[in-house]
Amino acid sequence: MSKNGSESASEKGEVDNIELSSAGAGCERRNYEASTEEEKRLDRSINIKFDAFISALLGICFLLCGLDKTNIGNAATTTFIKDAHLGANDVGNAVSLFSATFVVLQPFSVSLGRFVGPRYYIPFLMVSWAAMTMAHAAINNRATLVGLRLALGAFEAGFYPCSIYLITCCYPRNIIATRVGIVSCMFVAGSAFGGLIAYGLFNAPATKLHGWQKLFLVEGGITVFFAILALIMLPNSVGTCWFLSTEEREHATKRMQIDMGAAAHSSRHKTTFRDVKDALTDAPKLIIIIFNLITTLPVSAFGVFLPLILQGMGYAGVRANLMSVPPFIIGALGVLITVIISDRLHDRSILCSLGCLVAMVGLIVMTASKSPKLRYGFTNICMSGAFVAGPLGLAWIVTNTPEPAKRAVLIGINGYSNLAGVIAGQLFQAKYKPSYHYPLTVTIGLLAVPLVGFPIMRIVYILINNSRAKKVANMPGDEIAHELSTESPRRGDQKWTFVYSL
């Protein structure tokens, strides 16, 4: 594929999309692959540095995002509800209300972050939500709880989509799933660490502060520290990475140009009406987002309510927080192993469906069994699959969306999958304690939809690819060149030369 022209990435904006065209025949190259030993050497060096300074850091920050979002579930196992003068369902309702801002603002927040630049926007979000977390220590009525949860949701809304967008601007598509998985599994790990931190603070020597107050203050303070670290370490684009050598920056930019290819039209940092329209009319990806919403339900439910579910298995008080740690660790490992396999096999859809199947098996035993030990064991099984489809489904979407602005909008729309938090807050109500039989049964039924749906979408993309291959095979060389150029009326994955990954 030959390069027609390029536009360097700006300090504010993207790395990813310099205009390319090709006069070659056939469908366009789907992703970058190193072709020489020198390229392989540079790729190893660049990827190691990106993993250390971007993916790992964003993963830790997402861990903290998860802690600050779900620590209210840990607090609810103590005297929090009584001390803060709350009702029995106020915590569940607050979880739902959190989603009112957290979900709605995601597309807008990621577009704003794309304009401002991730180096400054991500730390700003972190400091802001940390302040809201620490303010939870002063809750003494329902109104304060509601206000803080709404504010917390507003500031956390942009972090994950902005982080994923930055990753898609730094890594070629064939290794994106692993990095999305690294960041995503840290949310799961955060729930495990949350249980450990809660257990330690709740059993610490008594002071003037309640254990739940210490929890909010400590976890919020840790987030502030890492926000400062993110401001120092994160770049805005591969062209401005301070930790890369000049040779590495040039190669990192070049490989993203090749990877996005002719499908990507520009490196502008603004989002236009056409970008939004293209995202909202991409039916296959919107259907995948609906599947992601359903698969996020057990994630949202267990992230907050697992300590309470475990209480129904006989693990009382602070021990319920401690026993919630192993399932979350297994869930994180399940995500990490699956996304690595996904990148190796270049497969997204089948592994998404497999994750749903494993989660359903675990939920069925959790619901049907009367044995606390067996139920707890299959809670771990459930968690090993429940967290897989969300990040892997998102990786499937971004892999098939080379146009940067449309990709950012779709990442933001995918944030609506967090509406599962609203469903979880209303489904896992106190009246279903201690077994939570009804909400677990409903979750099983819902997971059957993406279990079947992901393979169906795979078939849809296969049919589209076959149709395009036949069309391109009958096109003369000048028409193919025009289709690959920026003069074509079609952009990104709309081009007839674009081949969808499966």
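Excluded from the calculations below are hydrogen atoms, water molecules and symmetry mates; all remaining heavy atoms, backbone and side chain alike, are included. Small disclaimer: the values here were computed from a predicted structure and weren't measured.
At a cut-off of 3.5 Å, with distance as the only test, no side-chain donor of Thr272 or Lys277 sits close to an acceptor on the other residue. For the residue pair Tyr121 and Asn236, no side-chain donor N or O sits within less than 3.5 Å of a side-chain acceptor on the partner. With 3.5 Å as the limit, one finds a donor-acceptor pair spanning the side chains of Thr223 and Asp68. Side chains of Tyr171 and Ser55: a donor-acceptor N/O pair is present below 3.5 angstrom, by distance only.
Side chain of Ser128 to backbone of Phe155: no donor-acceptor contact under 3.5 angstrom is found. Within the 3.5 Å criterion, the main-chain N or O of Leu451 finds a donor-acceptor partner in the side chain of Ser353. Counting only distance, with no hydrogens or angles, the side chain of Asp278 and the backbone of Lys406 share no donor-acceptor pair below 3.5 Å. Between the Arg375 side chain and the Ser435 main chain, a donor and an acceptor come within less than 3.5 Å of each other. With Thr101 contributing its side chain and Ala154 its backbone, the two residues share a donor-acceptor pair below 3.5 Å. Looking at Glu156, its side chain never comes within 3.5 Å of a backbone N or O of Gly153 through a donor-acceptor pair. Panel note: side chain His85, backbone Asn140; a donor-acceptor pair is recorded below 3.5 Å. The closest donor-acceptor contact from the side chain of Lys285 to the backbone of Asn400 lies under 3.5 Å. In this structure, Asn203 contributes its side chain and Tyr199 its backbone to a donor-acceptor pair below 3.5 Å. Side chain of Ser371 to main chain of Leu374: a donor-acceptor pair is present (N/O by atom type, distance under 3.5 Å, no hydrogens or angles).
In this structure, Leu306 and Thr379 have side chains that are in contact, with non-hydrogen atoms separated by less than 4.5 Å. Pro118 is not listed as a side-chain neighbour of Leu234, based on a closest heavy-atom distance of 4.5 Å or more. Side chains of Phe387 and Thr295 form no contact here, defined as non-hydrogen atoms less than 4.5 Å apart. Looking at heavy atoms from C-beta onward, Asn414 lies out of side-chain contact with Ile288 at the 4.5 angstrom threshold. Looking at heavy atoms from C-beta onward, Leu410 lies out of side-chain contact with Val398 at the 4.5 angstrom threshold. Contact of the Tyr432 side chain with the His437 side chain is not registered, since no non-hydrogen atoms from C-beta on lie closer than 4.5 Å. In this structure, Ile309 and Phe428 have side chains that are in contact, with non-hydrogen atoms separated by less than 4.5 Å. You'll find the side chain of Trp396 reaches within 4.5 Å of the side chain of Ser349, heavy atoms only.
Among residues at least two apart or in separate chains, salt bridge (charged side-chain N to carboxylate O under 4.0 Å, His left out) pairs with a member in residues 72-92 are Asp90-Arg142.
Shown here are the salt bridge (Lys or Arg N to Asp or Glu O under 4.0 Å) partners of Arg149, two or more places apart in sequence or in another chain: there are none.
Aromatic ring orientation, Phe216 versus Trp212: perpendicular (interplanar angle above 60°, classes split at 30° and 60°).
Summarising the geometry of Cys162 relative to Val110, their closest heavy-atom pair is SG-CA, 3.7 Å, with the distance given to 0.1 Å. Here the closest non-hydrogen pair linking Leu57 and Ala230 is CD2-CA, 3.7 Å. Of all heavy-atom pairs between Thr399 and Ser501, the closest is CG2-OG, 3.4 Å. For the residue pair Thr178 and Val339, the shortest heavy atom distance occurs at OG1-O, 3.5 Å. A pairwise comparison of heavy atoms in Ala279 and Ile413 identifies CB-CD1, 4.3 Å as the closest pair. For the pair Ile122 and Phe159, the tightest heavy-atom approach, listed with the atom from each and the gap, is CG2-CE1, 3.5 Å.
Ion pairing of Asp343 with Arg348 is present here, as a side-chain N (NZ or NE/NH1/NH2) and a carboxylate O approach within less than 4.0 Å.
Ile222 contributes atom CD1, which lies 10.5 Å from atom CE of Met134 (distance to the nearest 0.5 angstrom). The distance from atom CG of Asn93 to atom CZ of Phe98, rounded to the nearest 0.5 Å, is 15.0 Å. For the atom pair CG of Leu286 and OH of Tyr416, the computed distance is 11.5 Å after rounding to the nearest 0.5 Å. Rounding to the nearest 0.5 Å gives a distance of 7.5 Å between OH of Tyr376 and OG of Ser324. Leu297 CG to Leu427 CG: the interatomic distance, rounded to the nearest 0.5 Å, is 6.5 Å. To the nearest 0.5 Å, atom SG of residue Cys185 and atom CG of residue Leu63 are 9.0 Å apart.
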For a side chain to side chain contact (heavy atoms under 4.5 Å, CB included) check, start with the C-alpha distance between Leu145 and Ile72, then their side-chain angles and the critical distance, and finish with the verdict.
CA-CA 10 Å; Leu145 172 65; Ile72 191 171; 3.7 Å; yes

Working note: His136 + Asn71, criterion side chain to side chain contact (heavy atoms under 4.5 Å, CB included); need CA distance, chi angles, decisive distance, verdict.
CA-CA 10 Å; His136 276 59; Asn71 53 17; 5.5 Å; no

Does the side chain to side chain contact (heavy atoms under 4.5 Å, CB included) test come out yes or no for Thr77 and Gln311, once each step is laid out?
CA-CA 9 Å; Thr77 64; Gln311 284 185 340; 3.9 Å; yes

Assess the residue pair Leu58 and Ile182 against the criterion (side chain to side chain contact (heavy atoms under 4.5 Å, CB included)); give the C-alpha distance rounded to whole Å, side-chain angles, the decisive distance to 0.1 Å, and a yes or no.
CA-CA 9 Å; Leu58 291 176; Ile182 288 173; over 6 Å; no

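For the ring pair (Phe, Tyr, Trp, His ring centres under 6.0 Å) test with Tyr160, the passing option among Phe102, Phe62, Tyr165 is Phe62; the others fail. With Arg179 as the partner, the side chain to side chain donor-acceptor pair (under 3.5 Å) test is satisfied by one option alone out of Asp51, Thr168, Asn47: Asp51.
Few gaps surround CZ on Phe243; more than 12 heavy atoms of other groups in view lie less than 6.0 Å from it.
Cation-pi contact between Lys431 and Tyr438: absent, since separation from the ring centre below 6.0 Å together with deviation from the ring axis within 45° is not met.
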